[in-house]
Amino acid sequence: MKISPTLNEKLATVQRVCILTGAGVSAESGVPTFRGEDGLWSKLKPEELASFEGFMKNPRNVWAWYNHRKEIMHSVEPNAAHYALATMESFYSEFTLVTQNIDNLHQRAGSKHVLELHGNIERSYCMECGKYFTDITVTEEASVPRCSCGGLVRPDVVWFGENLPEYEYKEAIRAASNCELFFSVGTSAVVYPAAWLPHVAKQHGAYLVEINMERTELSQYVDELLLGKAGEILPYVVECIKKVRS
Ligand code: BV8
Ligand code: ZN
């Protein structure tokens with residue numbers, strides 16, 4: 001595995017780094033991705049399971065799906081990619097980790113400053129009074145969870161057609177505009193507005209690196225494409241940082 005002398009130089013000298021992660025960073029933990037031959041969307045319909053309309057039409061079905069994914073996420077561990085990003089954070093004065101994932105694995109690996117653009121599967125909220133819950137588990141026989149006020153409770157995730165959380169999105173745009181080095185890791189870069197972030201970074205002069213198993217929509221725009229597994233490439237990048245920054 002090799003990185004370019006330019007990237008090595010950047011790792012040594014920059015102060016501000018921004019990372020965008022997608023489902024590919026959790027793939028080696030055993031969490032299924034969305035696209036690609038055995039991705040979730042090849043078997044299930046996103047409009048039915050990851051949309052507000054789909055939820056209102058069949059809340060039990062959507063809760064069953066999120067519950068199933070929550071069980072998977074509780075049964076897996078963070079992988080070397082998550083740990084490498086948690087280590088990387090300590091080397092840079094401004095390090096922003098933006099994730100599209102809802103699996104909580106970055107936090108479990110020790111990352112401190114995580115911006116969750118698409119929410120978190122551990123949180124739910126009442127659609128009437130906005131009360132948050134972190135202990136909702138919908139068992140098969142249980143009907144859809146309701147709040148004490150009578151309102152319907154939904155997973156705290158961003159569905160298609162829904163706005164991203166204001167603070168996280170603004171903060172992610174600020175970090176992408178401000179950084180000197182941007183990594184897009186394990187994302188197919190097709191879901192907007194998250195997929196704008198690498199372009200925002202590049203437009204503001206950042207060096208843009210992509211880590212993925214294959215080329216994506218973003219690949220034609222990046223300064224450096226590192227093809228391979230995030231769980232192998234990121235630990236290697238951290239080894240390079242240790243050589244030039246400690
Ligand atoms: C919005 C819920 C307005 C959480 C998700 C028409 C109608 C309506 C909307 C639209 C439309 N056309 C476009 C839109 C906008 C839409 C959109 O972008 N659609 C796309 C599909 C065309 N976006 C929205 O609706 C967003 N909201 O636009 O509101 C607005 C506008 C402006 C400003 C503010 C608001 C809401 C988007 C969020 C949707 N929610 N899921 C959940 O259940 O998880 S989408 C879903 O896709 C997940 O959130 C996921 O995070 C996201 C992105 O997927 P990836 O993470 O990239 O995963 P994927 O499987 O695709 O790729 C994995 C990659 O990893 C692959 O490249 C693979 O090669 C690689 N890989 C695999 N293994 C490894 C690896 N790489 C390295 N190592 C490995 N080991
Ligand atoms: Zn309520």
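All residue numbers in this chain count up from 1 along the given sequence.
For the atom pair CD (Gln107) and CG (Asn120), the distance works out to 6.0 Å, reported to the nearest 0.5 Å. The NE2 atom of His113 lies 5.0 Å from the OG1 atom of Thr96; values are rounded to the nearest 0.5 Å.
Side-chain heavy-atom separations under 4.5 angstrom define the hydrophobic clusters, and the remaining members of the one that includes Tyr132 are Tyr125.
Considering every non-hydrogen atom in both Cys240 and Leu11, the closest pair reads CB-CD1, 4.1 Å. Taking both residues in full, the closest heavy atoms of Cys126 and Gly151 are given as SG-CA, 3.9 Å, listed atom of the first, atom of the second, then distance. Here the closest non-hydrogen pair linking Ala206 and Leu181 is CB-N, 4.1 Å. The shortest heavy-atom contact between Met127 and Phe55 is SD-CE2, 3.7 Å. In plain terms, the two heavy atoms of Ser188 and Thr216 that are nearest each other are O-CB, 3.8 Å. Closest of all the heavy-atom pairs between Ala172 and Leu117 is CB-CD2, 4.1 Å.
In this structure a side-chain-to-backbone donor-acceptor pair under 3.5 Å is present from Arg16 to Asn178. The closest donor-acceptor contact from the side chain of Trp63 to the backbone of Val153 lies under 3.5 Å. Formation of a donor-acceptor pair under 3.5 Å by the Glu128 side chain with backbone atoms of Gly150 is not found in this model. Proximity of a side-chain donor or acceptor of Ser75 to a complementary backbone N or O of Ile72 within less than 3.5 Å is detected. A donor-acceptor pair under 3.5 Å is absent between the side-chain atoms of Asp156 and the main chain of Glu122, judged by distance alone. No side-chain donor-acceptor contact under 3.5 Å links Thr33 to the backbone of Gly24. The main-chain N or O of Ala64 is never found under 3.5 Å from a side-chain atom of His68 such that the two would form a donor-acceptor pair. In this structure, the side chain of Asp103 does not engage the main chain of Ile121 through any donor-acceptor pair within 3.5 Å. Side chain of Glu48 to backbone of Gly54: no donor-acceptor contact under 3.5 angstrom is found. Counting only distance, with no hydrogens or angles, the side chain of Tyr169 and the backbone of Ala194 share no donor-acceptor pair below 3.5 Å.
Ring orientation note: the planes of Phe52 and Trp159 are tilted relative to one another, at an angle of 30° to 60°.
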Hey, mind stepping through Leu105 and Thr99 against side-chain contact (heavy atoms from CB on, under 4.5 Å) and telling me if it holds? CA-CA 10 Å; Leu105 289 176; Thr99 189; over 6 Å; no

side-chain contact (heavy atoms from CB on, under 4.5 Å) between Trp65 and Asn58, worked out: CA-CA 11 Å; Trp65 185 53; Asn58 192 335; over 6 Å; no

For Leu226 and Met1: C-alpha separation, side-chain torsions, deciding distance, then whether side-chain contact (heavy atoms from CB on, under 4.5 Å) applies. CA-CA 9 Å; Leu226 303 175; Met1 191 174 314; over 6 Å; no

Walk me through it: do Val98 and Cys18 pass the test side-chain contact (heavy atoms from CB on, under 4.5 Å)? CA-CA 7 Å; Val98 185; Cys18 188; 4.1 Å; yes

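Under the salt bridge (Lys or Arg N to Asp or Glu O under 4.0 Å) criterion, Glu28 pairs with no residue, sequence neighbours left out. Applying the ring pair (Phe, Tyr, Trp, His ring centres under 6.0 Å) criterion to His199, with sequence neighbours excluded, gives Tyr221.
The residues Glu116 and Arg123 are annotated as salt-bridged, a charged nitrogen and a carboxylate oxygen being separated by less than 4.0 angstrom. Salt bridge present: Lys170 and Glu166 bring a charged side-chain N and a carboxylate O closer than 4.0 Å. Looking at Lys202 and Asp223, a side-chain N of the basic residue comes within less than 4.0 Å of a carboxylate O on the acidic one, giving a salt bridge. Taking a cutoff of 4.0 Å between a charged side-chain nitrogen and a carboxylate oxygen, Arg154 and Glu162 qualify as a salt bridge.
Exactly one residue among Glu210, Gln100, Glu217 makes a side chain to side chain donor-acceptor pair (under 3.5 Å) with Thr187. That residue is Gln100. Under the side chain to side chain contact (heavy atoms under 4.5 Å, CB included) rule, Leu97 has a single partner from Thr21, Val185, Val17, which is Thr21.
Phe95 is connected to Leu234 through a chain of hydrophobic side-chain contacts under 4.5 Å among Ile, Leu, Val, Met, Phe, Trp and Tyr, so both are in one cluster. Hydrophobic clustering (ILVMFWY, side-chain heavy atoms < 4.5 Å, transitive): Leu225 and Met213 are in distinct clusters. The cluster map of Ile, Leu, Val, Met, Phe, Trp and Tyr, joined by side-chain heavy atoms under 4.5 Å apart, puts Val114 and Leu197 in different clusters. Hydrophobic clustering, with ILVMFWY side chains joined whenever heavy atoms are under 4.5 angstrom apart, groups Val25 together with Val209.
Enclosure of atom NZ in Lys229 is not indicated, since only 12 or fewer non-hydrogen atoms of other residues, nucleotides or ligands lie within 6.0 angstrom.
Side chains of His82 and Ser26: a donor-acceptor N/O pair is present below 3.5 angstrom, by distance only.
For the pair Ser124 and Pro145, the minimum side-chain heavy-atom distance is 4.5 Å or more.
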